[in-house]
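Quick caveat, the model's predicted, so the values are computed rather than measured.
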Amino acid sequence: MRILRRRGSAVVTGAALAERTRAYGVDVLELHDIIDEPIVVSDAPDDPKLATVLEREYVLVPLAYSFDEPVDALLTAAEAAPEVNWVLTGRAPEHVVTRAPENVVFPGFVSRDDYRRLVKSATVMAALTTQEDTMQRVGYEALGEGKALVTSSTAVLREFFADAALYVTPDALSIEKQVREAVRTAQLLRQRMIARRAELEQTQQTQLAALAAVAS
């Protein structure tokens, strides 16, 4: 975005970050990731071990095992909700795998198509952070696919997803309660997410036109 820097402009996600940026005398355009199209992929996974996972209802929790992800709280929530299948992607540290209850599956890093299959087949997706002003790529993926979403109760995420998601604080009880509720009301949440996607697609067209005007 060099052309925007030369023109004294910045692209940010969320009103709070935009307000702080304007305080430095910078023109700001709020723009989120381009909304994904629904996934089209064959049913058969590249990794045969995923076949049994894809056949069940599950909550998909993509993770980088970063400092801002409440992994311990997730594992405690999973232990308290043994009827829910939890799929935690990424390269999980050994101590996380050892601590996890039996209803947690760690597929590790998967191929791009297998990840898309996991998203497409998920009953619920979870995108969790302890940090304010942090958007969630997983949330964008849930939006594109029209999936039920549980995400963190931060201002930027509430602003973006509105009533299309359920929100949690980064503790086990909150995560357990809202994941169970999301599984129970997944169809309703999917409908809300699809409606929210339509609203945001219209907003994004306006934002992209504004971006083109700044960059021209």
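Crowding of Arg137 atom CZ: a count of heavy atoms from other residues, nucleotides or ligands under 6.0 Å exceeding 12. The 12-atom threshold is not exceeded at CD of Gln202, counting heavy atoms of other residues, nucleotides or ligands nearer than 6.0 Å. Taking a 6.0 Å sphere around CD of Glu201, one finds it holds more than 12 heavy atoms contributed by other residues, nucleotides or ligands.
Residues forming a side chain to side chain donor-acceptor pair (under 3.5 Å) with Ser111 (at least two apart in sequence, or on another chain): Asp46. With sequence neighbours left out, the side chain to side chain donor-acceptor pair (under 3.5 Å) criterion links Arg116 to no other residue.
Closest heavy-atom contact between Val105 and Val53: CG1-CG2, 4.0 Å. Taking both residues in full, the closest heavy atoms of Thr169 and Ile175 are given as O-CG1, 4.0 Å, listed atom of the first, atom of the second, then distance. Closest approach of Ser152 and Leu157 over heavy atoms only: O-CD1, 3.5 Å.
At a cut-off of 3.5 Å, with distance as the only test, a side-chain donor of Ser42 or Arg117 sits close to an acceptor on the other residue.
Although no hydrogens or angles enter the test, the distance criterion places a donor-acceptor pair under 3.5 Å between the side chain of Glu69 and the main chain of Ala64. In terms of modelled atom types and a separation under 3.5 Å, the side chain of Asn103 and the main chain of Val84 share a donor-acceptor contact.
Within the structure, side chain to side chain donor-acceptor pair (under 3.5 Å) pairs that include any residue of residues 190-200 comprise Gln187-Arg190, Arg196-Glu199 (at least two apart or interchain).
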